[in-house]
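Taking it in order: structure first as structure tokens, then the write-up.
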Amino acid sequence: MLTAPTILQAVPLADYQAVAAQLDVERAEKAALVARVRALEDAVIDVAAAMESTGLSRTALYQEARRPDTLLVRVQNGRSVGFTRASCVVYRQAKELGRHRSAR
């Protein structure tokens, strides 16, 4: 049996404004979270932090960074050397999973 369509009720302006304000807050929180994640991906860490993150000694870290097919992304600014945090995490995970040549 078919029923007659219901008539949409008007939403009070105050309710609409409250929902819109809540959406704005949630969008701002999401944008801040995305910015933090992107900053983490692009963060350059010093050699000591890279050693801790990868589990490599200083010498092994520099040797690995010189290899042409390395997973590590080396960043050099003048004499200062660093590595991207994301590449160190990926290197460590690949090594732990046995998918990196140094784990063979």
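The basis for the numbers below is simple: all heavy atoms, side chains too, and nothing from hydrogens, waters or symmetry mates. Note that the numbering runs from 1 along the sequence shown for the chain.
The salt bridge (charged side-chain N to carboxylate O under 4.0 Å, His left out) test applied to Arg92 returns Glu96, not counting sequence neighbours. Residues that satisfy the side-chain contact (heavy atoms from CB on, under 4.5 Å) test with Ser80, not counting sequence neighbours, are absent from this structure. Taking the side-chain contact (heavy atoms from CB on, under 4.5 Å) definition, one finds that Gln17 meets it with Leu13, sequence neighbours left out.
Summarising the geometry, atom CD belonging to Gln63 is positioned 7.5 Å from atom OG belonging to Ser57; distances are rounded to the nearest 0.5 Å.
Screening residues 13-25 for salt bridge (charged side-chain N to carboxylate O under 4.0 Å, His left out) gives Asp24-Arg27 as the qualifying pairs, with residues at least two apart or on separate chains. A salt bridge (charged side-chain N to carboxylate O under 4.0 Å, His left out) check over residues 70-83, counting only residues at least two apart or in different chains, returns nothing.
Annotation for Leu23: hydrophobic cluster partners, listed by chain and number, are Val19 (ILVMFWY side-chain heavy atoms under 4.5 Å, direct or chained).
Atom OH of Tyr62 has more than 12 neighbouring heavy atoms from other residues, nucleotides or ligands inside a 6.0 Å radius.
Of the possible polar contacts, one joining the Gln76 side chain to the Gly78 backbone as a donor-acceptor pair under 3.5 Å is found. Side chain of Ser87 to main chain of Val73: a donor-acceptor pair is present (N/O by atom type, distance under 3.5 Å, no hydrogens or angles).
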Residues 47-55, side-chain donor-acceptor partners within the protein, below 3.5 Å, at least two apart:
| from | atom 1 | to | atom 2 | distance (Å) |
| --- | --- | --- | --- | --- |
| Thr54 | OG1 | Ala50 | O | 2.8 |
| Thr54 | OG1 | Leu56 | N | 3.3 |

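Taking 4.5 Å as the limit, some side-chain heavy atom of Leu61 sits within range of a side-chain heavy atom of Phe83.
Across every non-hydrogen atom of Tyr91 and Leu72, the tightest pair is CB-CD2, 3.7 Å.
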